[in-house]
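Each remark here refers to the structure printed beneath this line.
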Amino acid sequence: MKKNKKRTRKQKLLLSAKIFGALLVLGIALVFVFRESLLQQAIAKISRKMDTDYDCRFTIKKAQFEGFSGVAFEDVCLSPKHADTLFRVQSIKTKINFWRLFTGDVQLGSLEAKNGFMQLVRNENGRNFDAFLKKKDTIDTGEKTNYARTAYRLLNRALNLVPTDMQLENLTLRMDDRGKKATLRLDKLQLAEKQMETSIQVQTNTFTQRWKIKGFADPRNKKTDLRFFNIDTGKIKVPYFDERYNIKASFDSIRLNVANIDMSGGELHVDGFTSIANFTVNHPKIASKDVIIRNARFDYRLLFGEHFVAVDSNSVAQLNSIRFNPYVSYNNETDKIYTLKVGIPKMKAQDFINSLPEGLFTHFEGMEATGNFDYKLHFAYNKNKPNGVIFDSELHKENLKIVKYGEANLSKLNGEFTYHAIIDGKPQRGVYVGNANPDYAPLSQISPYLRKCVLTTEDPSFFSHKGFINEAFKQSIVKNIKTKKFARGGSTISMQLIKNAFLTREKTLSRKLEEILLVYIMENNRIVSKERMLEVYFNIIEWGPNIYGIGEASRFYFQKYPSELTLNECLFLANIVPSPRKFMYQFNSEANLKPYARSRDNNVRNMMLRRGVITPNDTVYQLPVMITGTARSFIRSSEERKAEIDSTAMSIDEFNF
């Protein structure tokens, strides 16, 4: 009986398998019978979607199946109804993994495409791809995106669309942005047995080149190792950006490696590296000359979790000889928190100096240093609590010493020298900082009120900080993030002194980075005393149009020596430091301060009283600010110019009447 039952069970299982197999064969047969019709319906569905959602015409002249899983298309075209054709391909052949369709995935086995183009055009009628950039309305379910699952799904879909065998010929990408043109023609791309090789011809309004991409590509195992370089001699030039954004960039080669993509424990890990050789960039906002990075490499580990996206701290970035571990993350589990951590392990100071990008730190070229250092930076910004920003910077020195200065010889501040202000890139007249200049004023011969007023308005903690004020930096960061621009800089007197004495006024990344490093070196190596810094500062900064130093300023405004300045006069001088060339607009035609300027000076005076910088006795017998020097002529001329403008406007109104 038991044997009979076992036979019966096996017979049932066998019968079920036969029935399932028969149904599967029947289903496949039905698919084959109706697949041409299904293909045409799918094309019609795509055409309707392109028409209704994107106002485009999508057409295929001919579409048919070839063999078991092959599909061939002829003359495939996508064209916006009121703009230039977006793309057109004469011939496309592909094979699809048939069994993957049952799981809902589309996985390409092979792809052949010949003779086609894609063009991105912007002209007076707009852009021919605008419809595809518009955000679609989505229903907010209140659920947060699971970054790990979303990233893994998108990566899988993208890699499944990369065939294991590929042959592309004569395909072109054209870009035309109001006459700024770039054409990238793919002569041939071949992917076979996991080896990829391609040749690309590039032509713009400014240059013509031939590029090559070569290496390993295995989309099914999610691995690749590709190198991008120039077939001809010379560097690869980055097209379009030179004309569109005035960015000139080039490089010898780029390498991209993806070694591992793994989803486990609810987290997605992506590992690999990328490197670039002899990268050169030039832009007025970066530096006044070419910036060159000889060798850079980034060994990355990207992490995606349910609530976060991060560059793991095990990642290693290398810039010439500088190696550091970056950690960057975004987490929205509770609040939206952005975090940045950088750790530079102990290294030789000279190796650091030698590794700085050429052209970005011109004042450090030729500098020599001994000793070692290590550095840590921790920055965190909570978008929901912006005022709680974290900014911690730590540098640990080990026998660190500057033995030779580069172009910026900071020790010159301790002696006599000639200062030239730079305005609009042009050196101004020389101002001698020393006793040979009759307008030079030692700190002991400058009214103590000026020192107190300027420190109050510009840098209250000047004598206690080492060049930077962490709290000011934090507030600067918060302000810049909120306004989405560099609206506040948190500059100290030390930074202003370096900027005036050694750097230009150009607003470039290079100038700001040099300013930070030079200030740190000056303050932390005790090259110049605080008193000497303040003395030089008072004697070189601009106090009015072509007025440099407090000696000239005292005569220009009040016909006095700096030692004779009153509290009210010092308050006025301190408050014009940010915009000295516009001082005349603070006065009326009688050369008296306007109400808003008096109120501003009173606010600073009251602040100084609250802080105990001055006493009530200091405010007794203080006369209003009266301009008696040659500055008075500027006030008259400004009022006269205003009168001329009003007079001209009146004449025009009368004429129109």
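These numbers come from a predicted model, not from an experiment.
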Note: [X]-[Y] ion pair, threshold 4.0 Å (strictly below):
{"X": "Lys289", "Y": "Glu358", "result": "no"}
{"X": "Glu514", "Y": "Arg511", "result": "no"}
{"X": "Glu552", "Y": "Arg429", "result": "yes"}
{"X": "Asp225", "Y": "Arg255", "result": "yes"}
{"X": "Asp271", "Y": "Arg301", "result": "yes"}

Ignoring hydrogens and geometry beyond distance, is a side-chain donor-acceptor pair present between [X] and [Y] at under 3.5 Å?
{"X": "Tyr147", "Y": "Asn332", "answer": "yes"}
{"X": "Glu523", "Y": "Ser494", "answer": "yes"}
{"X": "Tyr537", "Y": "Gln496", "answer": "yes"}

Taking the six-membered ring for Trp and the full ring for Phe, Tyr or His, determine whether the centres of Tyr330 and Tyr338 are under 6.0 Å apart.
yes
Aromatic contact between Phe228 and Trp211, with the criterion being ring centroids under 6.0 Å apart: yes or no?
yes
Chi angles and distances behind the side chain to side chain donor-acceptor pair (under 3.5 Å) call for Asn331, His307:
CA-CA 6 Å; Asn331 190 311; His307 301 292; over 6 Å; no
Heavy-atom side-chain proximity of Met367 to Glu407 below 4.5 angstrom:
no
Would you say Ile493 and Met533 make side-chain contact, with heavy atoms under 4.5 Å?
no
Are more than 12 heavy atoms, taken from residues, nucleotides or ligands other than Lys248, located less than 6.0 Å from that residue's NZ atom?
no
Does Arg600 have more than 12 heavy atoms from other residues, nucleotides or ligands lying within 6.0 Å of its CZ?
yes
A cation-pi test, strictly: NZ or CZ of Arg297 under 6.0 Å from the centre of the six-membered ring of Phe273 and no more than 45 degrees from its axis. Yes or no?
yes
Lys235 pairs by side-chain hydrogen bond (donor to acceptor under 3.5 Å, both in side chains) with which of Asp252, Asn278, Asn230, Thr280?
Thr280
Consider side-chain hydrogen bond (donor to acceptor under 3.5 Å, both in side chains). Of Thr456, Asn568, Thr619, which one does Arg605 pass it with?
Asn568
If you compare all heavy atoms of Trp543 against all heavy atoms of Ile550, which two are closest, and at what distance to 0.1 Å?
NE1-N, 3.4 Å
Checking Phe583 against Tyr557 for the ring pair (Phe, Tyr, Trp, His ring centres under 6.0 Å) test, could you report, in this order, the C-alpha distance in whole Å, the side-chain angles of both residues, the deciding distance, and whether it holds?
CA-CA 10 Å; Phe583 79 91; Tyr557 291 107; 5.0 Å; yes
Under the criterion side chain to side chain donor-acceptor pair (under 3.5 Å), I'd like the reasoning laid out for Asn314 against Asn325: C-alpha separation, chi angles, the key distance, then a yes or no.
CA-CA 7 Å; Asn314 287 323; Asn325 300 96; over 6 Å; no
